[in-house]
Protein chains: 2
Amino acid sequence: MTQSPALQLHHIENKPLRERVLDILRDAIVSGDMRPGQPLVEMELAQQMGISRAPLREALQILSQEGLVETIPYKGTQVRSMNRMDIEELYSLRSVLETFAVQRIIARRSADDTARLRAIFEAMLAAAQQGDLSQVNEIDRQFHDGLIELSQHHLLLTTWRSVSLRIRQVMALTNRRNRDLTVIAYNHLPMVEAIAAHDEAEATRLLREHVESAAGLIVEGWTQPGESDPK
Amino acid sequence: MTQSPALQLHHIENKPLRERVLDILRDAIVSGDMRPGQPLVEMELAQQMGISRAPLREALQILSQEGLVETIPYKGTQVRSMNRMDIEELYSLRSVLETFAVQRIIARRSADDTARLRAIFEAMLAAAQQGDLSQVNEIDRQFHDGLIELSQHHLLLTTWRSVSLRIRQVMALTNRRNRDLTVIAYNHLPMVEAIAAHDEAEATRLLREHVESAAGLIVEGWTQPGESDPK
DNA sequence: TAGCCGTCGATTGTCGACAGTTGACAGAAA
DNA sequence: TTTCTGTCAACTGTCGACAATCGACGGCTA
């Protein structure tokens, strides 16, 4: 028998524990629930999740590679703390990567691309008009992730993931004052239009400006959280 | 007692097994001793090195994050194979990262930086004149690593490491015809001079050209090794 | 009192054994 | 034959126990 017809059972996925643990911990870190400097004791976490240390350690390895935690052999692991320079580096590299993505998008001149970006912008605007901050943030993330994806550069995507995770962490740790959400949303429009117009110079200029202003807002009021500044 | 005077004992280092294993495997891969597609069976490797599977697995995790091997849950790990597109992505991202580094170096306008680059160039030229291919390659690596280091951007350095490892692998897997070594060496001189002259436009143009020609040489005669091309 | 050194608890590193998953193969059913 | 199903071997995933390391504490000696 091939298959009884209409009944569609959905895929039950069986990830290794390591990956489920990874998702949980990563989420806790980038959401700010686990704060910089917080020690991650293997036994403790494993017990808490009801698993053994092996898969937990493997998850920590990966987080370490992603730059979210810091492990010192024979000493332990803690959530990585960031100082001003880390944040500047983060945002400057982000700017470089996104610029590269935009250049590739423009070079391809695909109408689908601009349509998708426009759609994301519309969604962001709608959320902004309803004053839904977290939704705006979520869509903003989609917008920038979208730029990278549309560039169709797999290695860039991989590299981006690691940078963007830490940016999310930084944003979660920053208590932003509520600026006007619709202004934030409209900030994205010129960039979409520049891409649609295949105007590389303008698009990259706008992007750089966009990222730099974002960085500025963050760096400005730092020093509170993970004090790893002085020496 | 503080210390008896002149006797200098050098540091005996005690890395976890995981890291020593990592170094060995990484080296075998980027040197081309382990070829793309080659399966890495945990039990086999562990036995061969006389250790247990735990630290070996942790090393494989990291290699996987570095993009040197590919792991599929419950199936296994193998040396990652690369097709033409992978190589194009590798070199295009490399170009972006190095360009960024050069811009930062120029912005800092440090005489020490240019002195160091000049010194590396001199060494490369000397090796080239003696026809020492592997030495030229080694110094070429130092040159490009040097650009990244001099940019004083820690996150960039981290990102670079992963890209440069895979580039080394690609180069090791390519049977280059022996071009004139002194020509290769002299190719680096204009870039050093452009940096010394703080001429950003020229420096980035030269760099892009440099990387693109390198990529061209590789991509041209590919298809031999890790055939993961078709579908 | 000041400096050295053994001891100890907490935590990470490593190991060997067992459980679960996969793909291939052989044999039963149609 | 062809299709399905049980079985098996080769792995990877997970576990609990043991070994090694580190920092701190406290006693010993000068």
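Each chain gets a letter, A, B and so on, in the order its sequence line appears, and its residues count up from 1.
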Undergrad: Once you apply a heavy-atom cut-off of 4.0 Å, does B:L40 come out as touching a base, just sugar-phosphate, or nothing?
TA: sugar-phosphate
Undergrad: With heavy-atom distances below 4.5 Å as the criterion, would you say the side chains of B:M49 and B:L17 are in contact?
TA: no
Undergrad: Could you tell me whether the side chain of A:D140 reaches within less than 4.5 Å of the side chain of A:H188, counting heavy atoms only?
TA: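 Side chain of A:H188 against side chain of A:D140, heavy atoms only: contact under 4.5 Å found.
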Undergrad: Starting from the C-alpha separation in whole Å, work towards a yes-or-no answer on salt bridge (charged side-chain N to carboxylate O under 4.0 Å, His left out) for B:R84 and B:E88.
TA: CA-CA 6 Å; B:R84 266 181 298 275; B:E88 281 163 6; over 6 Å; no
Undergrad: Quickly work out the A:L17 CG to D:dT12 P distance and round it to whole Å.
TA: 18 Å
Undergrad: Nearest nucleotide by nearest heavy atom, which residue falls closer to the 5' end of DNA chain D, A:R20 or A:Y74?
TA: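 Closest to the 5' end, via its nearest nucleotide, is A:R20.
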Undergrad: Separation of A:E44 atom CD from C:dT12 atom C1', in whole Å?
TA: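 Taking CD of A:E44 and C1' of C:dT12, I get 14 Å after rounding.
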Undergrad: What is the distance, to the nearest angstrom, from the CD atom on B:Q47 to the P atom on C:dG16?
TA: 11 Å
Undergrad: Can you tell if the side chain of B:L25 reaches within under 4.5 Å of the side chain of B:L56, non-hydrogen atoms only?
TA: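 In short, these two side chains touch, coming nearer than 4.5 Å.
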Undergrad: So A:Y91 and A:V219, side-chain contact (heavy atoms from CB on, under 4.5 Å) or not? Walk me through it.
TA: CA-CA 10 Å; A:Y91 276 88; A:V219 169; 5.9 Å; no
Undergrad: From the list C:dT11, D:dC15, C:dG13, which nucleotide is the closest neighbour of the side chain of A:V41?
TA: C:dT11
Undergrad: Which one, C:dT14, C:dG13, D:dG23, comes nearest to the side chain of A:R53?
TA: C:dG13
Undergrad: May I have the distance from A:M43 (atom CE) to D:dG16 (atom C1'), rounded to whole angstrom?
TA: 9 Å
Undergrad: What is the distance, to the nearest angstrom, from the CD atom on B:E19 to the C1' atom on C:dG13?
TA: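 From B:E19 CD to C:dG13 C1': 11 Å.
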Undergrad: Report which part of the nucleic acid B:R57 touches: base, sugar-phosphate, or nothing (heavy-atom distance under 4.0 Å, all strands).
TA: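 Base, at least one base atom sits under 4.0 Å.
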Undergrad: Let me spell it out: for each of B:P55 and A:N14, pick the nucleotide of DNA chain C with the closest heavy atom. Which residue's pick is nearer the 5' end?
TA: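 Looking at the nearest nucleotide for each, B:P55 comes out on the 5' side.
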Undergrad: Nearest whole Å is fine: how far is D:dT12 P from B:E70 CD?
TA: 15 Å
Undergrad: Can you tell me the distance, in whole Å, between the CD atom of B:E13 and the C1' atom of D:dC22?
TA: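 Roughly 18 Å, once rounded to whole Å.
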Undergrad: Distance check needed: D:dT12 C1' versus B:E58 CD, whole Å only.
TA: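 After rounding, the reported distance stands at 15 Å.
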Undergrad: Side-chain N or O of B:K75 less than 4.0 angstrom from OP1 or OP2 on D:dC11?
TA: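 No, no such contact exists.
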